Amino acid sequence: MPIQRFPLQAGVFLDDSPLASETYFQSADKMRFVRGFIQTIGGYEKASNNTLEGKGRASIAWATNHNDAFSSFGTHLFLYAMDVDGDTFNITPIGERGELTNAISSTDESALFKITDSSHGLVVGQLVKITGASSVGGVTLSGSYSVTEVVDTNNYKITASSAATSTVNNSGGTFDYEYGIAMPGAGQNALQGLGYGTGGYGSGGFASPATEQDLFLSGWTLAKWGQNLIAAPREGSLYEWYPETTYTEKVTNGDFGTIGSYWTRGTGWTAQSSTMYASAASSDLTQNITLDNGAYALLDFDVNTVVTGTLRAYWGSTTIVSTGIKGTFKTEFYTGSGGTQSLKLEGTSLTAEIDNVSVKMMSNASMVSAAPSKIGSVFVTPERIAVCCGSTDPSTSEYNPMRVAWSDTEILSSWTPSTTNLAGNKILQGNSTRIVRGIPTKGENVLFTDNSLISMRYTGNVNNVFSFDLINTNTGLIGPQAVCEGGNGALFWMSPSINFYSYSNGSVTPIPCTVIRDIKDNLNFTQREKIHAFHCAEYNEVFWYYPDWIRDNSQEVSRYVILNYTTGVWSIGHWDLSTAIQSGIYPYPLALNDDGEILFIEKGFSDNGGKRQWNCESSWFNVGDGVDTQVSLKGFFPDADNDIKGGYNVTITSRNRNSSGRQERTYGPFEINATTGKVSVRVDASEVKVKWEGDDAPSFYRMGVPAFDIEATARKR
């Protein structure tokens, strides 16, 4: 028995006995199977120097009309955008705006600053933006923060980038503040009893969301709307973001320091001491400004005094706001077709003082006020119709998780059905409790409930815009991100029963999995909505990242499984990527890890320039006659691709089994590199397994056909 090749085949097998899985692998990490042989997956590099707050729950990439690349990441706290240069922007929708005066307090040598705001209603982690504050305790608060501590109903604390140099109370002058929306749901983690009501849907009466809201984790669904982003937190509102990252002032001389030719004044309007006065004015104060189309802007102005009358603000013919009282007014508005139009302040018998008029493009996502007030998830059809899966019925104001609502084509502000548009809605029937996600595919849209698949086909008939047909039952979706589109438009997903399926050409196909028991035994099922699927098109693979509770004690994603959908081969591994985006818009896939770092994955052969670790281990296999004979292994011949980068180690474990039990012994590790011809060993065994491990930078390994130098012996097991 001279040289014997090591007969390894592609695939990790964990659901059978070691010898039943002979010739396959029993473990792997950062490894995939390509053309029948195992090799390392790609490395990663940071795509941005910034880190995001919160755990990733959804992500998307798209290009603008000018072919500028953008990506968006929704975490359990915030919504972010990133441009092609890696600059990130917190675009979380704003729920409240206003002014505070002398509301900041500092403590010497502490970076915690207290903000006083009566009945603020904030929770820990919520977004706070501050603009225009003066220095307090040697620190000027400016920019985006998150709530660190809620002191009481009137006070909260945020953390600055540096500590105060003195203790100061109630200072900071008059400044603008913005509060981001509070994310619906339980926050970072789902709580036990994830169903719609702890006893299943309707246990507390039809559509009783209070219990459910306390249970499900806070997350997003994201979709491309033309060149814009639309985003929906689960059981929140629908929001839209125009990809603008510079927010210059659109109004000239809005402080009225110089009127010049910028403002056109009707009868009764006069400028004095940098303030515009209206004296019984029933006329207009106007200025032409230019805004982007299909975007959102913020009108901001002060009404210092009002004696009589009312004031209305317009953008073109669109009314923005109307008031007859003193105050600071900050109002978002949709720019429509954009271009150059008139910003008009219209007085009706108005006697008042107006100052500080400002219009800027919105830096945060804006609410689509015409859409249902609460939705489960959102997607966009090829006909550019926005579809809400789970929605509020405006006639009852009740949320129904089985109600589908859709907009008119290409008009996000039109959701009320009529004979002149394609907007509509439908309540799905069956034994499901909620629609988990909708996915547009070739020729149809597929709705995943927690139990079934439903086809949603566009008809174009104003009286029956979509047809709905049941595809399959007992094959629902385990979480909103646990499905992705693979090659040739096929869908791949994990079901609530923790099985895998594909759908294409009208047919659902179960996918055999050689590691399914390993997943079922270790998955943190309470956190199952954190499972997300990622398509790696280059290698015809789908990854499912999931939280492992038994081995990793993890509430967040810690492991993955890989399916090569062309060969049916599976692999496994560890990686804390909470959401990922396939390549196409960007040259490499993007991912967000548990530390909030945005990464280019499948790039290079290192971990951001550092060492990368990988390993794989074979199952046990017989080296004797497969019955009772031991052999002596005299050497090991490594075999690897010529492009190998870095060194690696090999460890050989022997096993003999007899009436006394099992005896195992480990040899190595043996250091191997590209020039290694043979590793001399002396191993007496009837069964062996081999482990390959790498820890180098750069590091790439693709296995060939390794072999053993075997010598027969007279020994028995």
Side-chain angles (χ1 to χ4, degrees), residues 48-54 70 72-83 85-107 110-117 120 122-151 155-165 168 170-183 239 241-249 296-298 300 328 330 332 356 358-366 592 595-598:
S48 173
N49 292 323
N50 304 321
T51 57
L52 309 185
E53 288 190 64
F70 278 90
S72 179
F73 298 88
T75 75
H76 79 279
L77 293 174
F78 303 130
L79 181 64
Y80 291 93
M82 184 181 79
D83 65 17
D85 296 320
D87 296 322
T88 58
F89 311 89
N90 190 324
I91 61 170
T92 304
I94 301 301
E96 180 184 332
R97 293 182 175 86
E99 287 184 346
L100 294 172
T101 300
N102 293 329
I104 304 174
S105 299
S106 65
T107 301
S110 173
L112 282 174
F113 286 76
K114 185 178 73 173
I115 312 296
T116 300
D117 182 10
H120 55 74
L122 300 177
V123 297
V124 171
Q126 202 164 339
L127 174 67
V128 176
K129 283 188 170 184
I130 293 176
T131 307
S134 58
S135 176
V136 178
V139 177
T140 300
L141 297 180
S142 180
S144 298
Y145 305 88
S146 57
V147 176
T148 304
E149 175 188 346
V150 175
V151 179
N155 298 277
Y156 62 90
K157 291 184 179 181
I158 60 177
T159 302
S161 58
S162 58
T165 57
V168 178
N170 303 323
S171 186
T174 298
F175 59 90
D176 294 329
Y177 72 86
E178 294 180 329
Y179 295 153
I181 60 168
M183 287 289 290
Y239 300 92
W241 182 71
Y242 175 79
E244 172 68 62
T245 57
T246 57
Y247 311 105
T248 56
E249 179 60 63
Y296 291 82
L298 179 68
D300 183 357
T328 296
K330 300 173 184 289
E332 295 180 26
N356 301 320
S358 168
V359 174
K360 292 182 179 180
M361 302 304 298
M362 282 294 302
S363 59
N364 295 75
S366 299
L592 185 67
D595 295 324
E597 297 174 322
I598 305 173

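If you're wondering where the values come from, they're calculated on a predicted model, not measured in any experiment.
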At what distance, to the nearest 0.5 angstrom, does [atom1] of [X] lie from [atom2] of [Y]?
X      : Y      : atom1 : atom2 : answer
Asn90  : Tyr80  : CG    : OH    : 5.0 Å
Leu141 : Ile158 : CG    : CD1   : 5.0 Å
Ile181 : Gln126 : CD1   : CD    : 8.5 Å
Lys157 : Leu122 : NZ    : CG    : 15.0 Å
Ile91  : Ser144 : CD1   : OG    : 11.5 Å

Donor-acceptor pair, side chain of [X] and main chain of [Y], under 3.5 angstrom:
X      : Y      : answer
Thr174 : Thr101 : no
Asn364 : Thr92  : yes
Ser134 : Gly172 : yes
Ser146 : Leu127 : no
Glu249 : Val359 : yes
Asp83  : Asp85  : yes

- Item | Test item: side-chain donor near acceptor, Thr148 and Thr159, under 3.5 Å | yes

- Message: Testing the 3.5 Å rule here: is there a donor-acceptor pair between the side chains of Glu53 and Thr75?
- Response: no

- Test log, rule side chain to side chain contact (heavy atoms under 4.5 Å, CB included), inputs Leu298 and Tyr247: CA-CA 10 Å; Leu298 179 68; Tyr247 311 105; over 6 Å; no

Closest contact, heavy atoms only, [X] versus [Y]:
X      : Y      : result
Lys360 : Thr248 : CG-O, 3.8 Å
Ser48  : Asn50  : OG-N, 3.0 Å
Ala160 : Val139 : CB-CG1, 4.2 Å
Gly137 : Val168 : N-CG2, 3.8 Å
Ala164 : Thr107 : CB-O, 3.5 Å
Val136 : Phe113 : O-CE2, 3.5 Å

Applying side-chain hydrogen bond (donor to acceptor under 3.5 Å, both in side chains), name anything that partners [X], two or more places apart in sequence or on another chain.
X      : result
Asn356 : Asp302
Tyr145 : none
Tyr242 : Asp292

- Message: His120 and side-chain contact (heavy atoms from CB on, under 4.5 Å): which single residue from Val147, Asn155, Val150 fits?
- Response: Val150

- Item | Member of Val151, Thr116, Val128 meeting the side-chain contact (heavy atoms from CB on, under 4.5 Å) criterion with Tyr156 | Val128

- Are any of the side-chain heavy atoms of Ile115 and Leu100 separated by less than 4.5 Å? yes

- Message: Taking the side chain as everything from C-beta on, heavy atoms only, tell me whether Thr88 gets closer than 4.5 Å to Phe73.
- Response: no

- Should we count CG of Asp595 as having more than 12 external heavy atoms under 6.0 Å? yes

Tell me every residue that passes salt bridge (Lys or Arg N to Asp or Glu O under 4.0 Å) with [X], counting only those two or more places apart in sequence or in another chain.
X      : value
Lys129 : none
Glu244 : none
Asp300 : Lys330

- Query: Are the ring centres of Phe89 and Trp241 closer than 6.0 Å?
  - Reply: no

- Could you go step by step and tell me if Asp117 and Tyr179 meet the side chain to side chain contact (heavy atoms under 4.5 Å, CB included) rule? CA-CA 11 Å; Asp117 182 10; Tyr179 295 153; 2.7 Å; yes

- Query: Can you check side chain to side chain contact (heavy atoms under 4.5 Å, CB included) on Ile104 and Ser171, steps first, answer last?
  - Reply: CA-CA 5 Å; Ile104 304 174; Ser171 186; 5.8 Å; no

